[in-house]
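In what follows, a structure is listed as structure tokens, so that the remarks can point back to it.
The figures that follow rest on heavy atoms only: side chains count, while hydrogens, waters and symmetry mates do not. The chains referred to below are lettered A, B, ... by the order of the sequence lines, with proteins before strands, and numbering in each begins at 1. Since the model is a prediction, treat every value here as computed from it, not as a measurement.
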Amino acid sequence: EAQVTQNPRYLITVTGKKLTVTCSQNMNHEYMSWYRQDPGLGLRQIYYSMNVEVTDKGDVPEGYKVSRKEKRNFPLILESPSPNQTSLYFCASSLRQGDQPQHFGDGTRLSIL
Amino acid sequence: AQTVTQSQPEMSVQEAETVTLSCTYDTSENNYYLFWYKQPPSRQMILVIRQEAYKQQNATENRFSVNFQKAAKSFSLKISDSQLGDTAMYFCALGRIYNQGGKLIFGQGTELSVKP
């Protein structure tokens with residue numbers, strides 16, 4: 001089954017404790033992206049990757065890092081999480097940049113205390 | 001800058017009735033897609049319908065249809081014969097076909113409640 005898998009689905013943690021949200025897709029997609037969803041703001045892009053070792057900032061990259069060492073994986077790293085990063089996070093992928101629609105993971109609810 | 005605006009934060013409809021969700025957008029591009037996504041309480045992002053800007057014909061998917069007005073930059077979603085399972089947050093989104101970042105621009109969302 002074609003899917004985008006995110007882990008964990010839920011996480012409560014404390015300020016400053018590094019965390020990683022994993023994202024994996026099994027569709028051999030080149031393009032992957034991270035969004036955060038906040039009430040009243042919809043979803044906003046954090047980072048994206050057009051292929052292995054190619055990443056770039058989206059609209060709200062501050063406080064986040066990403067890497068793309070393998071085609072299937074695109075982890076989101078919060079080196080020093082802060083309460084304003086409490087949000088719902090989505091990973092998405094598509095065959096190539098600009099291809100639509102994108103396939104979304106099931107979301108990760110992060111709470112930073 | 002590209003923007004998407006959903007001016008109805010919440011709406012409700014009686015089961016079996018028809019409801020229309022509004023969306024306006026702004027872009028200087030000529031080639032783009034427009035989407036409606038449904039987000040039920042499970043939080044999944046489910047694609048409901050999509051429209052290519054170069055197509056004049058409005059897209060339909062079963063009970064879901066759109067009214068795409070390119071000149072007015074309007075893209076409303078009509079849900080016919082509303083069902084309880086349609087209760088969800090609905091997002092309108094804009095995606096450029098040839099895009100540096102490949103991102104989708106989302107509206108703020110409309111929370112739809114279908115009442116029995």
### Query
Does CD belonging to A/Glu53 count more than 12 external heavy atoms closer than 6.0 Å?
yes

#### Entry: hydrophobic_cluster_shared for B/Met89 and A/Tyr35, side chain cutoff 4.5 Å
yes

### Query
Are A/Ile77 and A/Tyr48 connected, step by step, through hydrophobic side chains (Ile, Leu, Val, Met, Phe, Trp, Tyr) whose heavy atoms are closer than 4.5 Å?
no

### Task
Could you check A/Gln102 against B/Leu104 for side-chain contact (heavy atoms from CB on, under 4.5 Å), going step by step and ending with a plain yes or no?
CA-CA 9 Å; A/Gln102 297 179 19; B/Leu104 292 170; 4.1 Å; yes

### Message
Between B/Met45 and A/Leu76, is there shared hydrophobic-cluster membership here, with clusters defined by ILVMFWY side-chain heavy atoms closer than 4.5 Å?
### Response
no

### Query
Is it the side chain or the backbone of B/Gln6 that comes within 4.5 Å of chain A heavy atoms, both, or neither?
neither

### Query
Considering residues at least two apart in sequence or located in another chain, which fulfil the side-chain contact (heavy atoms from CB on, under 4.5 Å) criterion with B/Val19?
B/Met11, B/Val13, B/Leu21, B/Ile79, B/Ser82, B/Leu112

### Task
Please list, chain by chain and in numerical order, all residues satisfying side-chain contact (heavy atoms from CB on, under 4.5 Å) with A/Gln25, sequence neighbours excluded.
A/Val4, A/Met27, A/His29, A/Met32, A/Arg68, A/Ser93

#### Entry: With B/Lys103, the side-chain contact (heavy atoms from CB on, under 4.5 Å) member among A/Asp59, A/Ile46, A/Leu43
A/Asp59

### Summary
The interface call for A/Arg44 against chain B, heavy-atom contacts under 4.5 Å, is neither

### Query
Would A/Phe74 and A/Val60 show up in the same hydrophobic cluster when neighbours are defined by side-chain heavy atoms closer than 4.5 Å?
yes

N/O donor-acceptor pairs under 3.5 Å from side chains in residues 78-91 of chain A, not counting sequence neighbours:
from    : atom 1 : to       : atom 2 : distance (Å)
A/Glu79 : OE2    : A/Lys65  : NZ     : 2.9
A/Ser82 : OG     : A/Asn84  : OD1    : 2.6
A/Gln85 : OE1    : A/Ser82  : N      : 3.0
A/Gln85 : NE2    : A/Gly63  : O      : 3.0
A/Thr86 : OG1    : A/Pro83  : O      : 3.1
A/Thr86 : OG1    : A/Ile112 : N      : 2.8
A/Thr86 : OG1    : A/Ile112 : O      : 3.4
A/Ser87 : OG     : A/Gln37  : O      : 2.9
A/Ser87 : OG     : A/Asp38  : OD1    : 2.9
A/Tyr89 : OH     : A/Tyr64  : OH     : 2.6
A/Tyr89 : OH     : A/Gln85  : O      : 2.6

## Note on the structure
Against chain A, residues from residues 70-77 of chain B with at least one heavy atom under 4.5 Å, in numeric order, are none

### Over 12 non-hydrogen atoms of neighbours within 6.0 angstrom of CD1 in A/Ile12
no

### Query
B/Arg43 versus chain A, heavy atoms under 4.5 Å apart: side chain, backbone, both or neither?
both

### Query
Can you find a heavy atom in the side chain of B/Ile46 that is under 4.5 Å from one in the side chain of A/Phe104?
no

